[in-house]
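Read the structure below first, then the notes.
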Amino acid sequence: MSERPAPPRPDPAGSRLAAWWHGSLRVRVISITTLVGLALAAMLGTVLYQQIGEGLVAQAVDNAQRDASQQVALAQEAFDSTDRRDDTGLSLAADNQMQSMAGGSAEEGRRVVLWPALDNERGAPISGRSLGANVTDIPEGLREALRADPTNQHVVVVPMSLAGQEEQVTSVVVGSRVSLVRAGAYDLFLVYPLLREQETLDLVRQLFVAAGIALTLLVAGVGWLATRMVTRPVEEAAVVSHQLALGHLDERLPVQGTDELAQLATSFNTMADSIQLQIRELRSLSQLQQRFVSDVSHELRTPLTTIRMAGEILYASREDFTMPVGRSAELLQQELDRFEELLTELLEISRYDSGAATIERHREDVVALVRAAVDGVGALADRLGSELVVRAPAEPVAVLMDGRRVSRVLRNLLSNAVEHGEGRPVVVSVSATEQVVAVSVHDHGIGLDEQQQAHVFDRFWRADPSRDRTTGGTGLGLAIAQEDARVHGGWLQVGSAPGVGTCFRLVLPRQATYVIAEPPPPVGHPAGQHGADHDHQVPPVVLALATQGEEQP
């Protein structure tokens with residue numbers, strides 16, 4: 001068989017983060033408030049930044065257009081008034097005018113490009129020239145616009161490669177048409193780098209980032225302060241509630257002021273006072289009931305002893321009486337036995353209720369106890385036609401336990417199995433590991449449904465009140481058996497199905513220092529063969545118990 005791939009291991013960091021997130025209301029409120037504040041700050045900063053940037057660009061474009069109009073007018077006037085008509089003179093005049101428009105340094109101020117127009121009909125005797133800007137960065141559409149409408153300015157904002165700058169700089173390019181004597185139409189492009197505007201935007205962005213961080217911290221601080229004011233009383237309420245759950249009923253919340261939290265604390269304290277009063281009343285009532293049961297049981301001992309002595313005399317002389325009187329003596333003796341058993345079990349229950357039950361542990365062989373219990377109900381099994389089958393290890397299974405109580409549990413389980421087994425076989429299985437031992441009692445009788453299983457360990461409960469009792473049980477046996485299992489640190493479980501049968505499983509630790517804290521897996525249905533053959537299946541034993549003496553389904 002191929003091995004299954006191992007499941008992916010969970011991320012411990014993610015698990016811790018999720019536990020931290022879900023385990024603190026303050027963390028969730030502060031985190032959500034901070035994220036919302038950060039998102040609002042980012043949205044507001046983005047909108048303001050865009051508006052400031054658009055305003056700076058619009059202002060730069062307006063300034064560039066006004067300045068370009070003046071510069072173009074001066075340039076055209078200079079070109080018209082020049083007395084140079086040869087190409088060299090025109091070229092020198094064009095260079096001087098470009099230097100004049102560019103300012104003292106080509107790395108600062110305007111950048112100038114003078115280029116033959118697309119519709120220059122004179123062959124452009126003066127070659128195009130550029131001062132501080134790359135002519136290839138000028139959009140072709142701008143030149144087309146000048147050819148289509150040479151009388152007006154045309155403006156574009158594009159990135160330009162400028163002298164003295166390593167990277168392209170967003171610039172305002174204003175295109176105008178000028179005319180040179182004998183040279184024809186030329187396009188004059190004035191480039192206005194937005195360096196100052198970019199510096200202003202960078203400064204604004206830094207201020208916005210700093211303001212956003214400060215605003216986020218402020219929002220986080222306000223959220224922390226607000227949640228502290230709210231969650232601190234809630235944390236105090238949680239601590240006091242935990243103390244109340246542990247039994248410290250005198251714990252109360254401090255009441256400060258008259259606001260909603262103070263009203264909550266007052267209501268909480270009122271509720272705690274009411275719960276404390278009710279618990280005290282219930283404890284007092286429980287103690288009275290326990291004392292009543294114990295006192296009545298003790299007080300009935302004396303008259304019961306007298307009645308039993310008289311009943312035994314009548315029972316011994318029943319042959320001398322008439323038949324009705326003799327039968328009455330027999331019935332009296334049976335009911336006295338049941339009455340005495342009921343008193344004994346009531347005293348045992350009262351000890352468990354009052355917490356006075358103690359166990360005397362001794363190292364005993366659980367297999368020997370099982371066989372002794374089987375022998376004890378052998379006569380009842382023979383009378384009802386049920387065969388008792390024991391499946392146990394051949395070697396002893398030593399358990400540190402109170403043998404008297406465990407024997408009582410086994411006798412009770414076996415007598416119930418025989419009584420409700422409908423004459424079919426009853427199988428007793430013993431399995432053990434180094435730490436625990438399990439004893440299962442299986443019958444194939446009428447069985448129990450889920451609702452009946454939920455009440456099977458209730459006191460004085462009967463699965464079928466109309467069913468005749470063979471053994472005259474008191475209705476307290478299974479309740480006492482469950483308490484006997486608990487006082488050993490073990491479990492008593494039941495699994496059943498109507499018409500299939502019932503399985504009771506007693507699981508005990510083999511050492512006093514070992515306690516089975518978690519409940520074992522549920523008991524399966526004892527789905528076996530009806531009849532005399534014993535090759536039927538039994539449910540698996542819990543906690544990986546060895547399968548010695550017990551078959552698996």
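The structure displayed is predicted, hence computed values, not measured ones. For the numbers below, each heavy atom of this structure counts, side chains included, while hydrogens, waters and symmetry mates do not.
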Evaluation steps, side-chain contact (heavy atoms from CB on, under 4.5 Å), between Val366 and Met401: CA-CA 9 Å; Val366 71; Met401 61 183 174; 4.2 Å; yes

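- Heavy-atom minimum distance, Ala392 versus Val367: CB-CG1, 4.0 Å.
- Closest non-hydrogen pair, Ala265 versus Pro254, comes out as CB-O, 3.9 Å.
- Taken to the nearest 0.5 Å, the CG atom of Leu384 stands 8.0 Å off from the CD atom of Glu419.
- Between the CZ atom of Arg405 and the CD atom of Glu360 there is a distance of 9.0 Å, given to the nearest 0.5 Å.
- Annotation: side chain of Glu251 is not in contact with side chain of His242 (no heavy-atom distance under 4.5 Å).
- Using a 4.5 Å heavy-atom threshold, the side chains of Val399 and His488 count as separate.
- In plain terms, the two heavy atoms of Ala220 and Ile30 that are nearest each other are O-CG2, 4.2 Å.
- Arg505 is not listed as a side-chain neighbour of Leu413, based on a closest heavy-atom distance of 4.5 Å or more.
- Atom CZ in Arg327 sits 11.0 Å away from atom CE in Met323 (nearest 0.5 Å).
- In terms of heavy atoms, Gln453 sits closest to Ser496 at NE2-O, 3.0 Å.
- A distance-only check finds no donor-acceptor pair linking the side chain of Ser386 to the backbone of Pro425 [under 3.5 Å].
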Pair Asn416-Asn412, side chain to side chain donor-acceptor pair (under 3.5 Å): steps then yes or no: CA-CA 6 Å; Asn416 282 340; Asn412 188 281; 3.1 Å; yes

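- Exactly one residue among Val374, Val409, Asp443, Leu380 makes a side chain to side chain contact (heavy atoms under 4.5 Å, CB included) with Leu414. That residue is Val374.
- Side-chain N or O atoms of Glu236 include none that pairs as donor or acceptor with a backbone N or O of Leu253 at under 3.5 Å.
- Atom CD of Glu364 sits about 7.0 Å away from atom OG of Ser407, to the nearest 0.5 Å.
- No side-chain N or O of Asp250 forms a donor-acceptor pair with one of Gln243 less than 3.5 Å apart.
- Distance CG/Leu410 to CG/Asp484: 10.0 Å, rounded to 0.5 Å.
- Within the 3.5 Å criterion, the main-chain N or O of Pro520 finds a donor-acceptor partner in the side chain of Gln493.
- Between the side chain of Arg510 and the backbone N or O of Thr433, at least one donor-acceptor pair lies under 3.5 Å.
- A donor atom on one side chain and an acceptor atom on the other are not found under 3.5 Å apart for Gln263 and Ser267.
- One N or O on the side chain of Gln452 and one on the backbone of Asp449 form a donor-acceptor pair closer than 3.5 Å.
- When all heavy atoms are compared, the tightest approach of Leu388 to Val418 is CD2-CG2, 3.9 Å.
- Checking side-chain atoms of Arg363 against main-chain N and O of Ala398 turns up no donor-acceptor pair under 3.5 Å.
- The side-chain hydrogen bond (donor to acceptor under 3.5 Å, both in side chains) with Arg252 is formed by just one residue from the set Asp273, Thr270, Asn269; it is Asp273.
- Shortest non-hydrogen contact noted between Ala272 and Leu244 is CB-CD1, 4.0 Å.
- Each of Leu215, Thr216, Val222, Leu217 was scored for a side chain to side chain contact (heavy atoms under 4.5 Å, CB included) with Val219, with one residue passing: Leu215.
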Give the C-alpha distance, both sets of side-chain angles, the deciding distance and a yes or no for side chain to side chain donor-acceptor pair (under 3.5 Å) between Gln50 and Thr46. CA-CA 6 Å; Gln50 289 178 351; Thr46 302; over 6 Å; no

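- Put simply, CD1 on Ile480 and CD on Glu483 are 9.0 Å apart, with the number rounded to the nearest 0.5 Å.
- For the pair Asp365 and Val397, the minimum side-chain heavy-atom distance is below 4.5 Å.
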